[in-house]
Participant: 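Dropping a structure here in structure tokens format, bear with me for questions.
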Amino acid sequence: MSRSNEPPFQGSKTRSTTGSATGSATGSALLGGSDFLQLDPDRAPAGGRTEWLAGRLRAAIADGTLPVGTRLPASRVLAAELGVSRGLVTEAYQRLAETGQVAGRGRAGTVVVAAPPPAPPAPAAPVRTPARGGLVDALRAEPCRIDLSPGVPDLTAFPRTAWLRAERRVLGGLTPADFGYGDPQGAPALREAVAGWLARNRGIRADPDEVVIVAGVAQALALLAQVLREAGVRRVAVEDPGSLGARQQLEYGRLSTAAVRVDEGGLDVAALRAGGAGAVLVTPAHQFPTGVVLDGERRRELLGWAAAGGVVIEDDYDAEHRYDRAPVPALKALLPERVCYAGSVSKLLAPALRLGWLLAPPRYRDAVVEAKRYADLGNAVLAQLVLADLMDSGELERHLRFVRRRHRGRRDAMLRAVAAHLPGARVHGAAAGLHLMVTFDEDGSEGGFEDTALASAALALGVKAHPLSWHRLRPGPPGLILGYAAGPVSEIEEGVALLGEARDRLSRISRRARRI
């Protein structure tokens, strides 16, 4: 995928300022005007305008748009034309001077004096199933203007004031001994608070001693992979489509994975039974990425499969974000002795906290705690105690009610934008969660385009989205997974409009190719 946040320089215009075309002592051309390199500060990433401007100038010098001898616009003039501070332009010029590409020439102004050697072509990025750790992390590191990646809540809504109040209360009550090593299983106060939270919100009746505090669901899966492998489990069934990251976590733990299809009723339990896997990873309350809820008949079949000896790993990643009704009860509440249950606050507060919980059946619990001890000696205690305070005081539930209203408004905005800019797209999973899945009739094998090409074209326009094929093990219709919780309505609308533009471009290319 392209790393550029801007359209390529093709078609960029330059023109001479009236009366100043050749008026320097060196005979260099003076470039200016509001269309100078077609610069648009609105396309710059937030907080990165200086590097954006320097990068645009650097690229124009490298590709010959600004040849050696060109005199750049005066910093005052360019700042006025772009509507930015003069200091920003001056700093961008200074960065180019430090790398030897431009130099100040007194009254002649700032002049291009050297072009860097052309960069070697970047290797083609993989577009299908990645190696371990691969594509999701790589995409997360890509710069963009609008991020519609799934799985991120509204980070601007993080309850800083409530967190700070709770932190002061916690610190005020700690003794010096409390700053030592904590319990690897988790701070007792948080385990008790989590037990209460799960009883109120997910219908799970658990003793605090059953709760293991972990660094998010990712670590829960890593610990379970180790424990299940030692218990003789070698193969885990996974939903298809299903979370690429979760699947990779199990595979990194040296478990093989087998795809089981998901349809409008959720996981196909008959196919699970026929596959012979000893365990299955499911997202029954809000399947990722389709958004379907495991229906009543399938739930009974899955619990029957587990009661006969199978192990269910329940990833309850965003069940709290239900907009049409209360979320369905967790599977853990119905068959606790056969279900390993994992959850976290990553989709409710922030992934950066790395706080989650794992409830394992009694026969696995001691092994899970031992694996946690040797993994990291336990999560940081202070953050655990602060989260426990937020849960016990009701602040976390108040925050959930607040963000649920905000996320619902952003979901509605994305639905309107998809209808307007992606005609014909089918929308899935709108009733809950923090993302939508959209699928298209286009098929790369039939002269259409692949969803990886659409995601790449969108990234070139400054918009991130996950291609659906990343999260598939078997072929299926192309699509995108679009997160709507993290950005304001204006970004959602613009981002989906740019997706529509990228789709139209690919469709035109495909039609031309078919005519050839």
Participant: List the steps, then state whether side chain to side chain donor-acceptor pair (under 3.5 Å) holds for Thr283 with Asp315.
Facilitator: CA-CA 5 Å; Thr283 50; Asp315 178 1; over 6 Å; no
Participant: More than 12 heavy atoms of other residues, nucleotides or ligands under 6.0 Å from CZ of Phe179: is that the case?
Facilitator: yes
Participant: Which residue, Thr257, Val262, Leu255, Val260, forms the side-chain contact (heavy atoms from CB on, under 4.5 Å) with Val238?
Facilitator: Thr257
Participant: Give me the one residue out of Val170, Leu353, Leu349 that meets side-chain contact (heavy atoms from CB on, under 4.5 Å) with Leu387.
Facilitator: Leu349
Participant: I'd like to know if Arg472 pairs up with Asp240 as an ion pair, taking the criterion as any Lys NZ or Arg NE/NH1/NH2 lying under 4.0 Å from an Asp or Glu carboxylate oxygen.
Facilitator: no
Participant: Ignoring hydrogens and angles, state whether a donor on the side chain of Glu251 or Ser256 is under 3.5 Å from an acceptor on the partner side chain.
Facilitator: no
Participant: Give a yes or no on whether the backbone of Ala360 and the side-chain of Glu210 come within a donor-acceptor separation of less than 3.5 Å.
Facilitator: no
Participant: For atom CZ of Arg169, decide whether the heavy atoms of other residues, nucleotides or ligands shown that lie under 6.0 angstrom number more than 12.
Facilitator: yes
Participant: Please verify the inter-ring angle class for His435 with Tyr317; under 30° counts as parallel, over 60° as perpendicular, anything in between as tilted.
Facilitator: parallel
Participant: Just by distance, with hydrogens left out, do His428 and Thr439 show a side-chain donor and acceptor under 3.5 Å apart?
Facilitator: yes
Participant: For Asp295, check side chain to side chain contact (heavy atoms under 4.5 Å, CB included) against everything at least two apart and list the hits.
Facilitator: Glu297, Arg298
Participant: For Gly487 and Ile492, which heavy atoms make the closest approach, and how far apart are they?
Facilitator: O-CD1, 3.7 Å
Participant: Output yes when a side-chain donor or acceptor of Asn201 lies under 3.5 Å from a complementary backbone atom of Trp197, and no otherwise.
Facilitator: yes
Participant: Checking Arg235 side chain against Ala258 main chain: does a donor-acceptor pair fall under 3.5 Å?
Facilitator: no
Participant: Using the test ring-ring contact (aromatic ring centres under 6.0 Å, His included), find all partners of Trp305 that sit at least two apart in sequence or belong to another chain.
Facilitator: none
Participant: Would you call Asp183 and Arg191 a salt bridge, using N to O less than 4.0 angstrom?
Facilitator: yes
Participant: Could you give the distance from CD (Gln384) to CG (Leu382), rounded to the nearest 0.5 Å?
Facilitator: 9.5 Å
Participant: Considering all heavy atoms of both residues, which atom of Ala371 and which atom of Val227 are nearest to each other, and what is their separation?
Facilitator: CB-CG2, 4.4 Å
Participant: Begin from the C-alpha positions of Asp154 and Arg410 and carry the test salt bridge (charged side-chain N to carboxylate O under 4.0 Å, His left out) through to its verdict.
Facilitator: CA-CA 10 Å; Asp154 182 2; Arg410 293 178 178 181; 3.3 Å; yes
Participant: Please round to the nearest 0.5 Å and tell me the distance separating atom CD of Glu192 and atom CG of Asp209.
Facilitator: 10.0 Å
Participant: Can any side-chain N or O of Glu450 pair as donor or acceptor with the backbone N or O of Pro478 at less than 3.5 Å?
Facilitator: no
Participant: The test is side-chain contact (heavy atoms from CB on, under 4.5 Å); show your working for Leu250 and Leu281 and say whether it passes.
Facilitator: CA-CA 9 Å; Leu250 295 173; Leu281 172 64; 3.9 Å; yes
Participant: Might you confirm whether atom CD of Glu491 has over 12 heavy atoms from other residues, nucleotides or ligands at distances under 6.0 Å?
Facilitator: yes
Participant: Tell me every residue that passes side-chain hydrogen bond (donor to acceptor under 3.5 Å, both in side chains) with Thr290, counting only those two or more places apart in sequence or in another chain.
Facilitator: Gln287
Participant: Is the backbone N or O of Pro327 less than 3.5 Å from a side-chain atom of Arg322, with the two atoms forming a donor-acceptor pair by type?
Facilitator: no
Participant: Quick one: does Arg229's side chain have a donor or acceptor within less than 3.5 Å of a partner on Gly253's backbone?
Facilitator: yes
Participant: Could you state the interatomic distance from CZ (Phe288) to CG (Leu244), rounded to the nearest 0.5 Å?
Facilitator: 9.0 Å
Participant: Please walk me through it: do Lys332 and Asp316 pass salt bridge (charged side-chain N to carboxylate O under 4.0 Å, His left out)?
Facilitator: CA-CA 10 Å; Lys332 180 70 173 178; Asp316 207 28; over 6 Å; no
Participant: Checking Phe158 now: which residues fulfil ring-ring contact (aromatic ring centres under 6.0 Å, His included) with it, not counting sequence neighbours?
Facilitator: Trp163
Participant: Any side-chain hydrogen bond (donor to acceptor under 3.5 Å, both in side chains) pairs touching residues 412-425, not counting sequence neighbours?
Facilitator: none
Participant: Can you confirm whether more than 12 heavy atoms, excluding those of Arg205, are under 6.0 Å from its CZ atom?
Facilitator: no
Participant: Could you check whether any side-chain N or O of Arg365 sits under 3.5 Å from a backbone N or O of Val212, counting only pairs where one atom can act as donor and the other as acceptor?
Facilitator: no
Participant: Quick check against the 3.5 Å criterion: does Lys464 have a side-chain atom that pairs as donor or acceptor with the backbone of Glu142?
Facilitator: yes
Participant: What pairs with His407 under ring-ring contact (aromatic ring centres under 6.0 Å, His included), at least two apart in sequence or on another chain?
Facilitator: His321
Participant: How close do Ala166 and Val386 get, counting heavy atoms only, and between which atoms?
Facilitator: CB-CG1, 3.9 Å
